[in-house]
Amino acid sequence: MDRLISVLSQKDIPSDYLNTPIELLVKYHNLNTSFKEYSSAQLLIGMCMDNRKHMNIPDNFAYIIRSGGANLRYSEFKVSFAISVGDVKHIVLIGHSQCGMVNLVSKKDLFIKKLSENGGWSIEQAEEHFNNYAPMFEIGNEIDFILSETVRLRLRYPKIIIAPMFYKVEDNLLYFIKEN
Ligand SMILES: [Zn+2]
């Protein structure tokens, strides 16, 4: 089952998001629409810290919070700041393929070894750190996690329009995630 909606032209954009900054984001990134000038942020983007992704968007267009797996559970004050002081009314959550926050336990030995070698931590410190934090940052499955974060944030900020999206590192394009 294909869980993604590809956007290759304007007509592929779900109608819920037409005439919003979410439409603009996809048009800038996927369709190479020419950039307009902005003097204030139009939306908030939550996306992963992963180095393989970057947004093709104009200056000043968006606040961006980057965190492992696009997990905003520990960034709530920053989300609230963008909504209040930043006056944004739209959020996109962007998961991506091949996310490192999936199946963290498979990276445990590497994490401990390299945090010790590169970061100067003892093996014991590094192992305790992994054991304490990996359960908080594990996302399970990229698409399921973004959908659950979308539901959580819609309940938390009921007046904000939130779109679940996905970035394929294989083609560097944005997709909408199908809901329900
Ligand atoms: Zn990631």
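In each ligand, atom 1 is the first atom listed, and ligand 1 is the first ligand listed.
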Tyr74 ring center near Phe137 ring center (under 6.0 Å): yes

If I compare all heavy atoms of Val88 with all of Ala41, which pair ends up nearest, and what's the gap? CG1-O, 3.9 Å

Is there a salt bridge (Lys or Arg N to Asp or Glu O under 4.0 Å) between Asp109 and Lys107? Walk through the geometry before answering. CA-CA 6 Å; Asp109 291 348; Lys107 298 154 193 123; over 6 Å; no

Check whether any side-chain heavy atom of Ile160 lies under 4.5 Å from a side-chain heavy atom of Val79, and answer yes or no. no

Around the Zn ion (ligand 1), how many protein N, O or S atoms are closer than 2.8 Å? 3

With rounding to the nearest 0.5 Å, note down the distance linking CG in Leu4 to CZ in Phe166. 6.0 Å

Can you tell me how the ring of Phe176 sits relative to the ring of Tyr17, calling it parallel under 30°, perpendicular over 60° and tilted otherwise? parallel

